[in-house]
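Okay, so here's the structure we're looking at.
Reminder, nothing fancy here: chain letters follow the sequence lines and each chain counts from 1.
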2 protein chains.
Amino acid sequence: MVRIADVAKLANVSTATVSRVISNAGTVKKETAEKVLEAIKKLNYQPNMLARQLRRSETKTILVVVPDITNTFFSVVLRGIESVAIENGYQVLLGDARNDVESETSFLTILGQKKADGLILLTARTDQKILEDLSQDFPVVLACEYYEGSKLPTVSIDNVSSARKATEYLISLNHKRIGHISGPLNIVVGRDRYRGFHQAMAQHGLSVDPSLIQEGEFSFESGFNLMMKFLSLENPPTALFAGNDEMAMGAIKAAKSKGLRVPEDLSVVGFDDIQFASIFEPALTTVAQPTFDMGQKAMRLLLNLIKDEELEKDQFILPDKLIVRESCKELTIEE
Amino acid sequence: MVRIADVAKLANVSTATVSRVISNAGTVKKETAEKVLEAIKKLNYQPNMLARQLRRSETKTILVVVPDITNTFFSVVLRGIESVAIENGYQVLLGDARNDVESETSFLTILGQKKADGLILLTARTDQKILEDLSQDFPVVLACEYYEGSKLPTVSIDNVSSARKATEYLISLNHKRIGHISGPLNIVVGRDRYRGFHQAMAQHGLSVDPSLIQEGEFSFESGFNLMMKFLSLENPPTALFAGNDEMAMGAIKAAKSKGLRVPEDLSVVGFDDIQFASIFEPALTTVAQPTFDMGQKAMRLLLNLIKDEELEKDQFILPDKLIVRESCKELTIEE
DNA sequence: ACATTTATTGTAATCGATTACATTGAGAAT
DNA sequence: ATTCTCAATGTAATCGATTACAATAAATGT
């Protein structure tokens with residue numbers, strides 16, 4: 001392995017000088033620098049990052065913990081993160097929690113071990129206190145998910161208002177019996193969308209039939225199964241707000257399997273606007289999150305934190321958008 | 001920051017002893033070890049990995065370069081990799097090439113910089129020579145994609161024979177005018193599936209009409225557009241073998257848009273069996289790759305390489321499987 | 001002509017662990 | 001009683017860079 005000392009010897013200078021050339025200190029005479037550069041080239045020298053990192057005590061690496069890397073929603077956020085990381089000379093260490101809280105938490109030790117300079121969490125299922133303590137000592141940013149009433153720097157959308165918006169769209173289409181298949185209620189975004197749904201209903205003077213509310217787990221299957229439940233009701237819903245796109249698709253599949261047509265017999269709106277939402281038939285009306293932007297923003301915030309810069313604020317709410325496609329239709333009164 | 005010296009002082013031993021306790025050397029008296037452990041606990045000490053890594057010159061980190069993290073196919077492979085990495089005390093540094101060869105290549109410097117102990121490439125678009133040189137100096141494993149006639153350790157399926165199998169399935173359904181939308185031919189898997197298609201046709205004495213062969217780019221859109229071309233032909237194909245599932249779905253969408261029914265008027269088989277393949281309508285008949293297993297196997301190989309163990313062989317071909325669903329139908333003669 | 005900057009380079013400490021080698025003392029062997 | 005062995009621990013070198021401080025020479029000011 002070529003060391004800086006080898007370069008120094010070949011160029012007939014001290015290691016300090018070589019180091020100065022590498023770091024572009026600008027205090028090295030031109031000719032000397034050229035000699036050094038030449039030696040570096042000749043020896044094909046690459047600095048050992050471990051040594052540099054130890055000395056500088058920074059790794060130029062950040063840790064990203066994802067609840068489920070297999071979910072395109074998160075991988076797009078991740079891409080946003082990595083794009084600005086790379087731009088700024090940082091690399092991304094990946095922690096795939098596989099939807100398991102314990103494994104999520106176990107990744108956090110990496111920070112104390114100095115293997116990363118900061119952390120972006122795309123999930124907020126770890127005990128809140130643990131994380132808040134951690135963020136005393138290390139730069140931490142949350143994205144997508146968050147803790148209620150926490151000061152932790154966060155980038156997300158306003159799930160409550162988005163859910164309200166989605167529900168109101170259904171209401172504007174004259175629907176009154178609207179069902180909701182929520183995400184897990186122990187996850188904030190599941191809870192917030194659930195709230196938004198209820199708010200919208202209340203604001204429009206619509207009562208919600210408890211049998212039209214079910215808690216899913218963000219999966220296609222759960223959407224399918226819970227919709228089946230709805231369909232076996234005496235008086236099934238005419239519209240459905242699903243906590244995410246997968247469940248929306250599952251629900252639509254269930255409706256179709258029972259011979260219903262979507263949107264003619266059932267209107268459905270989803271959440272997230274995953275890639276497949278537009279390909280699915282009917283193309284899904286859904287709430288689009290600015291996934292890539294959220295990732296970028298989160299990384300920028302983390303960079304600020306790492307450089308010890310003041311944040312203009314802690315909570316960043318990015319704009320979402322209701323994407324109207326083909327899965328909803330106005331309810332025509334027929335009695 | 002708590003250092004090993006602090007622990008040593010508190011426990012009234014030398015740093016060497018503390019280090020021995022940490023690494024479980026077994027040469028430390030029980031009572032001493034207990035004192036040390038207590039001190040570690042009291043100070044909440046965590047070893048600085050940078051220092052350890054520098055001294056041991058190993059990072060317990062591996063680099064995974066993915067062509068497109070946004071593609072579920074690859075993220076499942078990644079999950080396989082990470083699962084055995086974690087099991088073995090390794091972490092995963094992620095390189096998302098965003099389908100760009102240059103950025104793919106640029107990640108490779110990380111190895112020379114000693115930021116990772118080894119490399120798994122889920123893409124093989126970098127210049128072959130560069131990679132083969134690299135693998136002289138560092139542990140490198142390819143997964144999913146590969147170089148033709150290279151000795152680089154590889155985990156993949158046999159794309160040629162799988163494509164043959166897929167095509168033969170169509171042939172067994174009496175189809176004769178079979179089209180093929182291939183992946184990019186500068187990517188091995190695109191090329192190999194293209195070959196497999198031709199082999200199957202030739203073996204069954206079927207000539208392939210050049211106008212029924214188009215090169216796509218593995219995207220939904222390209223599948224759609226190229227199918228549109230086929231459909232404007234005087235004599236369109238009755239069946240299609242698409243180089244991957246996205247293109248297959250695009251093609252089906254195109255056919256539907258022209259009023260054709262799938263599979264009644266057009267049979268389609270895809271490749272990869274991505275999550276959405278079974279949800280899509282009609283559910284896609286496709287070739288399933290053992291994605292998760294491939295990731296695991298690749299990581300195990302890399303571990304062998306890192307430990308300087310002999311590999312039993314270099315090329316590992318894992319079994320794939322034709323998943324028959326609803327997108328194909330027997331051709332009934334009608335003239 | 002001498003003092004004072006300034007530019008350039010070198011020497012050696014440092015980051016925080018691991019580990020080769022040295023040391024100590026107790027018990028075993030002769 | 002003396003030597004030898006071995007277990008347990010300590011001392012200090014080491015990994016490969018960066019950088020504080022020192023040193024030197026050249027340039028500038030008066």
| said: Pairing donors with acceptors under 3.5 angstrom, does anything connect the side chains of Thr61(B) and Gln91(B)? | reply: no

| task | Apply the side-chain contact (heavy atoms from CB on, under 4.5 Å) test between Leu93(A) and each candidate in Leu119(A), Val65(A), Leu63(A), Val64(A); give the one that qualifies. | result | Leu63(A)

| task | Considering only NZ, NE, NH1 and NH2 on the basic side and carboxylate oxygens on the acidic side, decide whether Arg52(A) and Glu58(A) come within less than 4.0 Å. | result | no

| said: Using OP1 and OP2 only, check whether a side-chain N or O of Arg56(A) sits under 4.0 Å from dT19(D). | reply: yes

| query | When the distance from CD of Glu58(A) to P of dC15(C) is rounded to whole Å, what number comes out? | reply | 16 Å

| Arg55(A) side-chain N/O to dT14(C) phosphate OP1/OP2 under 4.0 Å | no

| Rounded to the Å, how far apart are Leu50(B) CG and dC15(C) C1'? | 9 Å

| query | Any Lys/Arg nitrogen of Lys9(B) or Asp6(B) sitting under 4.0 Å from an Asp/Glu carboxylate oxygen of the other? | reply | no

| said: With a 4.0 Å limit, can you tell me whether Tyr45(B) has a side-chain N or O closer than that to the phosphate oxygens OP1/OP2 of dA17(C)? | reply: yes

| query | Rounded to whole angstrom units, what separation is found between the CG atom of Asn24(B) and the C1' atom of dA17(C)? | reply | 17 Å

| Gap between atoms CZ and P, on Arg52(B) and dG16(D) respectively (whole Å) | 18 Å

| message | Determine whether a donor-acceptor pair (N or O, by modelled atom type, separation under 3.5 Å) exists between the side chain of Lys114(A) and the backbone of Gln46(B). | response | no

| request: Figure out the CD/C1' separation between Gln53(B) and dA17(D), and round it to whole Å. | output: 15 Å

| task | Could you tell me whether Lys151(B) and Asp314(B) make a salt bridge, using a distance below 4.0 angstrom between a side-chain N and a carboxylate O? | result | no

| field | Heavy-atom protein contacts under 4.0 Å, nucleotides 6-11 of chain D, coded B base, S sugar-phosphate only, - none | value | --SBBB

| query | Below 4.0 angstrom, N of the basic side chain to O of the carboxylate: do Arg125(A) and Glu145(A) qualify? | reply | yes

| task | Take the protein atom CD of Glu31(A) and the nucleotide atom P of dA7(C), then report the distance between them rounded to whole Å. | result | 17 Å

| remark: note: Arg3(B), atom CZ; dT14(C), atom P; distance rounded to Å ~ 11 Å

| said: If I take atom CD1 in residue Ile22(A) and atom P in nucleotide dG16(D), what distance separates them, rounded to the nearest angstrom? | reply: 14 Å

